[in-house]
2 protein chains.
Amino acid sequence: MTRPSACVILFLFLFNITNTKAEDGYRLWLRYDKVKSTALYNGYRQSVKQIVFTGSSATAQAAKKELLDGLQQILNLQPAQVSNITANGTLIIGTPKSSKVIATYSQELHESGDEGYFLKSATIAGKSCLLIGGNTDKGILYGVFNFLRLLQTGQSLQQVSINESPKIKYRLLNHWDNLDRTVERGYAGSSIWKWHKLPGYIDPRYLDYARANASIGINGAVVNNVNASAVSLTKDYLIKATALANVFRTYGMKIYLTARFSAPIEIGGLKTADPLDAGVQKWWKDKADEIYTYIPDFGGFIVKANSEGQPGPQTYNRNHVDGANMLADALKPHNGIVMWRAFVYDDKVPDDRAKQAYNEFKPLDGQFRSNVIVQVKNGAIDFQPREPFHPLFGAMRKTPLMMEYQVTQEYLGFSTHLVYLAPLFKECLESDTYAKGKGSTVAKVIEGKVDNHALTGMAGVANIGSDVNWTGHPFAQANWYAFGRLAWNPALSSDAIADEWLRMTFSNDNTFIAPVKRLMLSSRETAVDYMTPLGLHHIMGTGAHYGPGPWVSDLSRPDWNPVYYHKADSAGVGFDRTSKGSNAVGQYFPEVREQFENIQTTPEKYMLWFHHVSWNYPMPSGRTLWQDLVHHYYRGVDSVRSMQKTWSLMQGKIDNSRFNEVKQLLAIQEQEAVFWRDACVLYFQSFSKQPIPAGYEKPEHDLAYYRNKKYFFLPGTGGVQ
Amino acid sequence: MTRPSACVILFLFLFNITNTKAEDGYRLWLRYDKVKSTALYNGYRQSVKQIVFTGSSATAQAAKKELLDGLQQILNLQPAQVSNITANGTLIIGTPKSSKVIATYSQELHESGDEGYFLKSATIAGKSCLLIGGNTDKGILYGVFNFLRLLQTGQSLQQVSINESPKIKYRLLNHWDNLDRTVERGYAGSSIWKWHKLPGYIDPRYLDYARANASIGINGAVVNNVNASAVSLTKDYLIKATALANVFRTYGMKIYLTARFSAPIEIGGLKTADPLDAGVQKWWKDKADEIYTYIPDFGGFIVKANSEGQPGPQTYNRNHVDGANMLADALKPHNGIVMWRAFVYDDKVPDDRAKQAYNEFKPLDGQFRSNVIVQVKNGAIDFQPREPFHPLFGAMRKTPLMMEYQVTQEYLGFSTHLVYLAPLFKECLESDTYAKGKGSTVAKVIEGKVDNHALTGMAGVANIGSDVNWTGHPFAQANWYAFGRLAWNPALSSDAIADEWLRMTFSNDNTFIAPVKRLMLSSRETAVDYMTPLGLHHIMGTGAHYGPGPWVSDLSRPDWNPVYYHKADSAGVGFDRTSKGSNAVGQYFPEVREQFENIQTTPEKYMLWFHHVSWNYPMPSGRTLWQDLVHHYYRGVDSVRSMQKTWSLMQGKIDNSRFNEVKQLLAIQEQEAVFWRDACVLYFQSFSKQPIPAGYEKPEHDLAYYRNKKYFFLPGTGGVQ
């Protein structure tokens, strides 16, 4: 440690730091590297000899610029811009309004809807052409990004026939960014929104942010924290937000704001925020009118009410419907929506916190205005490494529900653990609610297909910050990417998304893609293994949610303590949520309920979520529960070590800069996985009273060491890290 | 505002945002652009055909890498690396130990000292050579950066003869960075130190930070805030700091930490932090020993004691000497130093805050240990746009004093105002203290020349943050640069520094350099004009120090209020610090004292600092004081507008990206300058009761508007902006 010179020399050269910037991750998946394969390169150049680009809006111009920049960089190509099909290799881009050729593709246009596009090869007047058509310039923009993705991922343009439209209407990032630029649960630096310098200074990064979102179909962003400040609704801040909205608009994104329920008091000078008070209603109506004078396409409000100390209608003995509908009425004339969060966590301690949202919201079904959508987290607790799907999905038949995922890794290793979240997202989407019989998956519910809701949405709590590479961990970019792609089309596979992301972000080299994709696809299960296997949940250190804290039992509210969630005792471990316990299973439809009620039919991965299980319970593996629990924790660490081995073989296949960054982060992940494993195994051993089976490496320290380990200034809890 | 499309299109193209990153400012002044002049390009290439590089330490290797990278980029040159002078155009680099050729230059080596170097052309064995020699590899590194600077700024290598050594020994940045990554008085994002990810993850930015500092001779950094947390001294954080130290070391930088005086209680478990307590002394000794096991070249501690709520020896009825010497004794065996800050601001309200530091420290002269240096701000109040030099300079004959400048623009427009600070730094350095008769300038005092002190230092409170361009405002990079250059050599002119910085950072085009350099050189006077002309000071909004707040009078302590500093009344304005007033002038040596005692001989720029002056006082301009005050405020705004005009003519001469960024920031500066002007003129008018003279534009609002203007979430006060 005290003789670093050789290290530093090595470091200097490993990092290949030149005086121009190394590959720093800023460009995300829009790197547009030159195509390496000569065959593809030549083929592509033949396909795009000239361009007929029609359309003149800001969005159309942005699409054109993106296309030309992409072709220049990917193919070193500056195609002629022409107005007619005069040769083979003509790329025609436009809407039925702007292009007669495009207008003839009525079926494809019908399929494209408001935001979609078609992208196909065709022979027109004897000339081989490519077409990118859509009904709107936004569709065109999305089509251009898809076209560039084909080039980036080395796909053939021969016989291409793509017709895409989003399955979900509102595809939004939720930034938990405070106005002082700290980010709640942010692990990638400070907020990218430089409020103090707005509206005068427009950081070019805002544009790159909007571009990146457009490239994956994200069409809106809530730019401030759901734990809200009313200041965001003052005139000065609305003018600042307007500057952001103006950048977003070009890329088909709308801006949304959080509405602090008590804003009429805090910035309006009223005595109450009672949603049934006429003065309060007028204040919100006036405020909405004011916002739309600045931002004519303002998207709407999101509200976290009566949860974790936030004000809300219950403060005035009103209910969620009263609150949401008041705001909905204010926004309705302007076509804005209200996203009312179902994550409630109020002053009263419920018998089972997992049941609370359902209990509060289910009875309100059918009472919300048509421009209200209830935003429900994927699981009933809080963004755990693994949760069964939220019982509200499918349960509110007359109310559109919006999915809320957490892209930022609050409970999944911050920005030092490589955890690819698409499998987590997919696991929930593919869960069958049985709301209208078999096949009523969560995906179908949020696509509005189960009960024909027109208002559909998916929100992702952003993992974006001011770090040069946006997300802290280079692989965390994949989670932003996967969220956007799944919001566009929940049917996409984790594998396909990882594949295209890797190709665009790193390399088309299959000796890189194959192993690293495997690494990504197993990474979430790995994290579950070393953190919360077999249905364990919320046993992280409290507050920051960093590292293990299964022993925490001294917080004033029972449901703040990890011991509340795992209920380990000498008999066993796990939360009995069957009909003999909290009966949380009763919130599911019968088919699901019965599955979870019975330990034999409960999937192993949810076992301790629903059952209190004896340490000696015989698991399907042939091991006892205790042995299996230990097995999972050790397997988790082994898997991280295996990730390290895989990654070390990638040296030279990608740039040294990101190679080394990931290598260092994997080493941190390994250390922290070992810490998780040893702490949890030793802790649960204090109940099971059974030895760690032979063959496993011994924990380095005793339990007291792990319990007493102190951390300071953990990120995401106010300050920025 | 509601029809932004055209704007955004324009914006898209103005910014020239391509999918590769635009010129983002990350590279600072180390851009190493290819030489444009063919004559220079060819000439340089003739001069460096081959290299004899001797030396193998990490620092030598870093110097070599820098040189090769620089030559590659500036001259597209990969010179042969040889071991003998076999041809014309040989560049020989080394120390007398590593190179026999270098060893023959004994006079130059003598002049070079421990950190310096010589760089000269010579004919050796009939071959034309260039030599970069020094006694240490650090000297070589500095010499290489100077060599590259010659190429970057287009200077001739013919007959070059440079022999440089720093005039000041400790050339340090002080980061007021908190461990949660917020930055006190930081306006460029969050702290660049990612403590949570240390020591496992080494951000490549740490290396670029160290490179940039080495390029201007900065040889150390205090990485945490003087308002300190004891946590930085815990084992975990020392290991994190070690990782930074290991990066710094290669580039000749040492790491320093702030020592929270109460750390023995907070992390040591002691009952007291009394510096005369044996247990406390032992705790610090053990802590120092521990630090040096991790960081064998640890630089030492800086302490802010008994000031603004910080703990200190006075808490135990001891004095600054007791506190400083205890720490000095702990560090002494390891050659560490204590920098004890003279900025004291305690619980008692002094009759004149400007006098406090002198009153507390002057009596302690001669009592500090030999490894203590007292760090004194340039002026007696607090980093104002203009202050007379601190009366402690020259007053403590037996104590080495270290200069503390503020590079971050706490009182000078944050990171939205273009204010080049070299003239501010120089104004202080060139002030004559008369400590040992005429010519005893502040520069000579801190160079140790007045009283032969070996311990010499200059600290700059850093303006560095996580913004991609490091400093928020592209021109704020110049202040980091200027600080470093002046710490190396206080005799350098503001003009020369601006010239080389502009050439390296933007362009060698003289049609750019000449006007922009003029703009830089007048920019500080411009800020003084629109903020605090004629010796006004500390009339900023309280807390954040953003914008004007001359009216603030309701804070509980008199010396927290701007009215305390300007003392405007119906008779006049200004703080009487003559013998008839607070007698702060009495702290200066007689020659200076007499000058400031008499309003006739007091420089106009300090008039209201030292005198309470009648509104109708006849100024040398022929105007009354009131008229002159108004004149200055309006001139300040006019100058900003003139800066805008100058800058607008620079379009096309540099990259669009930075051109537009500065353009936007100048527009913000203009708005804020107008706000300052109107608020101050209207406020002081409420005392002078005289009209704004004819010909000046009228303020847009009344005084109440400016007084009532509310700001939220201002940067630098805890959160990050």
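Treat the numbers as computed from the prediction; the structure is a model and nothing was measured. All chains are named by letter (A, B, ...) in the order of the sequence lines, taking the proteins before the strands, and each is independently numbered beginning at 1.
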Side chain to side chain donor-acceptor pair (under 3.5 Å) against A:Glu290, all qualifying residues, sequence neighbours excluded
A:Lys287
Reported OG1-to-CZ distance for the pair B:Thr182 and A:Arg181, which is rounded to 0.5 angstrom
12.5 Å
Which bit of B:Lys64 comes within less than 4.5 Å of chain A, counting heavy atoms only: side chain, backbone, both or neither?
neither
Using the ring of each side chain (for Trp, its six-membered ring), is A:Phe712 parallel, tilted or perpendicular to B:Tyr237, with breaks at 30° and 60°?
perpendicular
Going from OG on B:Ser229 to CZ on A:Phe713, what distance comes out if it is rounded to the nearest 0.5 angstrom?
3.5 Å
Residue pair B:Thr234 / A:Lys710, side-chain heavy-atom distance below 4.5 Å:
no
Salt bridge (Lys or Arg N to Asp or Glu O under 4.0 Å) against B:Glu184, all qualifying residues, sequence neighbours excluded:
none
By a 4.5 Å heavy-atom criterion (distance strictly below it), what part of B:Tyr711 contacts chain A: side chain, backbone, both, or neither?
neither
B:Tyr201 versus A:Thr416: any side-chain heavy-atom pair under 4.5 Å?
no
Any Lys/Arg nitrogen of B:Asp24 or A:Arg205 sitting under 4.0 Å from an Asp/Glu carboxylate oxygen of the other?
no
Taking all heavy atoms of A:Lys197 and all of B:Ile668, pick out the closest pair and write down the distance.
O-CD1, 3.7 Å
CG (A:Asn660) and CD1 (B:Ile202) are apart, to the nearest 0.5 Å, by 11.5 Å
